[in-house]
Every structure is written in C-alpha cells, then in structure tokens.
S.K.: 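Provided herewith is a single structure, encoded as structure tokens, for subsequent inquiry.
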Amino acid sequence: MKKIWLSALAVVSLVMVSAPLSVRAQSADSIRDFVHVAGSYQLTPNVTYRTASNWDAKLDVYQPRGLKAPNTTMLFFHGGGWTNGTKEASTLSLLPYLEMGWTVVNVEYRMTNVALAPAAVEDARCALRWVYRNAAQYNFDTSRIITSGQSAGGHLALITGVLPMSTNFDNT
C-alpha cells in the first residue's frame, strides 16, 4: 500500500512541477502567434459604414499586409444577445481566420438600447452592402464572402447571408 501511495505522490508531484512549463509553452505560442498576426496584418479601425438613430455604425478591416489582389473576406458579428457586446471584445475570435490569410471585417451593430429589432439586421445587411461597394478599395473578393459570428452575431451572420435582396431590410 505504501508503494502505491508513493507512486501516486510521485505522479502528482511530476504533474505539478511540469504544469507551469506547459502553461509557459502555451503562453509563448500565443504570444508568438499574436506577434506573427500583428506583423502580417494591417488594421483600418472604426470605419463608419452607416449612421442611423443618431448613432455611427463602425467596422474594423483586418487585411494581410501588401494585399494586391481580391481576397476571401469574412464579415464577423459579435455576440451579446442584442443588448451588449462590442466588436473589440471579439478580436481574439478572429485569429483563426486571420491565420488562414483572410480579410476580416469586424462589424458592430445597434443594440436594443439604441434601436429595437430589426435594427441589428438592417445594420448587418448594410455592412454587407458596404463590403460590396468598397471591394475595389479594400481588395474584397465579392465571390468569396463569408459571414460568421457568435451567439446573436451568429444569428445576424445567418440572416445576412440568406435574406434575399427583395426584403425590406435593404431599403436604407
């Protein structure tokens, strides 16, 4: 019994001693990835794509540095149940797409304290139209546009991608 207890203690000690190393390695990998992305991308922050309800709707454009040709472009909508959240708070969620070399348009939209539904849907559709209108300037590939988001943003991404142009959400 004493042998089993000593073996268990040795394993626990080994795990406790090695855990900080793996945490440090993870941290170093994350920092390396962040530095790579920061050096490989340029950011155009807070571009106003719409003004509604006396509120400026803004987006951020993340692009590979030196981009010369149209690039796969993703519109990303943050979560927050339509009542809270910011585009800035979801920046780390963009890293996988940036690592794939995509251009990312990180979109904010009106919360319910600014305007009730369907305001967020109108904003999301307006952001998509902004991407099409500015495709040449930012090298957006309009044949390869992806919409994505988290929680409420996932709903907006879906609606943005599937609503036909004939809906009343595209009147502004």
Side-chain angles (χ1 to χ4, degrees), residues 22-52 55-115 117-163 169:
S22 64
V23 170
R24 275 185 266 152
Q26 256 183 347
S27 179
D29 290 345
S30 297
I31 291 169
R32 184 193 70 238
D33 292 345
F34 176 77
V35 168
H36 168 72
V37 168
S40 302
Y41 273 78
Q42 63 186 25
L43 167 64
T44 306
N46 296 317
V47 177
T48 300
Y49 70 92
R50 175 179 203 197
T51 299
W55 182 79
D56 288 336
K58 297 182 188 248
L59 54 79
D60 299 332
V61 179
Y62 295 82
Q63 296 179 285
R65 288 192 188 278
L67 188 62
K68 302 279 188 237
N71 194 29
T72 300
T73 301
M74 182 182 72
L75 273 80
F76 188 85
F77 303 94
H78 66 82
W82 298 278
T83 62
N84 59 54
T86 64
K87 63 182 172 54
E88 291 81 10
S90 59
T91 303
L92 290 177
S93 300
L94 309 178
L95 286 176
Y97 307 104
L98 297 174
E99 282 295 309
M100 288 190 283
W102 294 1
T103 295
V104 177
V105 178
N106 193 13
V107 181
E108 72 179 4
Y109 51 89
R110 286 176 287 173
M111 301 289 130
T112 57
N113 66 333
V114 175
V121 174
E122 293 170 348
D123 294 348
R125 294 287 292 190
C126 189
L128 177 62
R129 288 191 312 279
W130 182 91
V131 166
Y132 275 91
R133 280 193 317 273
N134 292 278
Q137 177 182 350
Y138 289 95
N139 282 315
F140 300 139
D141 186 342
T142 57
S143 67
R144 295 185 298 161
I145 295 177
I146 295 103
T147 60
S148 185
Q150 298 169 325
S151 190
H155 172 262
L156 290 174
L158 176 66
I159 288 241
T160 299
V162 300
L163 279 180
F169 298 111

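This is a predicted model, so every value here is computed, not measured.
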S.K.: Show the nearest heavy-atom pair for residues Arg144 and Pro70, with the distance to one decimal.
M.R.: NH2-O, 3.9 Å

S.K.: Taking the side chain as C-beta and beyond, is there a heavy-atom pair between Val121 and Leu163 under 4.5 Å?
M.R.: yes

S.K.: To the closest 0.5 Å, what do you measure between CZ (Arg65) and CG (Leu43)?
M.R.: 9.5 Å

S.K.: Is the ring pair Tyr109/His78 parallel, tilted or perpendicular, if the boundaries are 30 and 60 degrees?
M.R.: parallel

S.K.: What's the shortest heavy-atom distance between Ala115 and Arg110, and which atoms?
M.R.: CB-NH1, 3.8 Å

S.K.: For Asn71, is there any backbone N or O sitting under 3.5 Å from a side-chain donor or acceptor partner on Thr73?
M.R.: yes

S.K.: Would you please test Trp130 and Arg50 for side chain to side chain contact (heavy atoms under 4.5 Å, CB included) and show each step?
M.R.: CA-CA 9 Å; Trp130 182 91; Arg50 175 179 203 197; over 6 Å; no

S.K.: For Ser93 and Gln150, which I'm curious about, is there any donor-acceptor pair between the side chains at under 3.5 Å?
M.R.: yes

S.K.: Once you round to the nearest 0.5 Å, how far does CD1 of Ile159 lie from CZ of Arg125?
M.R.: 9.0 Å

S.K.: For Tyr49 and Asp123, what are the C-alpha separation, side-chain angles and deciding distance, and is it a side chain to side chain contact (heavy atoms under 4.5 Å, CB included)?
M.R.: CA-CA 9 Å; Tyr49 70 92; Asp123 294 348; 3.4 Å; yes

S.K.: Which atoms form the tightest heavy-atom contact between Ala127 and Val107, and what is the distance?
M.R.: CB-CG1, 3.8 Å

S.K.: To the closest 0.5 Å, what do you measure between CE (Met111) and CH2 (Trp82)?
M.R.: 10.5 Å

S.K.: Side chains of Asn106 and Tyr62, heavy atoms from C-beta outward: is any pair under 4.5 Å?
M.R.: yes

S.K.: What pairs meet the salt bridge (Lys or Arg N to Asp or Glu O under 4.0 Å) rule with one or both residues in residues 55-64, with sequence neighbours excluded?
M.R.: Asp60-Lys87

S.K.: Evaluate the criterion side chain to side chain contact (heavy atoms under 4.5 Å, CB included) for residue pair Asn139 and Thr103; output intermediate values, then yes/no.
M.R.: CA-CA 9 Å; Asn139 282 315; Thr103 295; over 6 Å; no

S.K.: Can you tell me how far CZ of Phe76 sits from CH2 of Trp102, rounded to the nearest 0.5 angstrom?
M.R.: 12.0 Å

S.K.: Do the non-hydrogen side-chain atoms of Cys126 and Arg129 ever get within less than 4.5 Å of each other?
M.R.: yes

S.K.: In this structure, are over 12 heavy atoms from other groups packed under 6.0 Å from Tyr97 atom OH?
M.R.: no

S.K.: Which heavy atom of Val114 sits nearest to which heavy atom of Trp55, and what is that distance?
M.R.: CG1-CB, 4.0 Å

S.K.: OG/Ser151 to CZ/Phe77 distance, rounded to the nearest 0.5 angstrom?
M.R.: 14.0 Å

S.K.: Identify the two heavy atoms, one from Ala152 and one from Gly81, that lie closest to each other, and give their separation to 0.1 Å.
M.R.: CB-N, 3.6 Å

S.K.: Apply side chain to side chain contact (heavy atoms under 4.5 Å, CB included) to the pair Val104 and Tyr41, showing each step before the final yes or no.
M.R.: CA-CA 10 Å; Val104 177; Tyr41 273 78; over 6 Å; no

S.K.: Which heavy atom in Thr147 sits nearest to a heavy atom in Ala157, and how many Å separate them?
M.R.: OG1-O, 2.9 Å

S.K.: So, taking the atom named OG in Ser148 and the one named CG in Leu156, what distance separates them when rounded to the nearest 0.5 Å?
M.R.: 11.5 Å

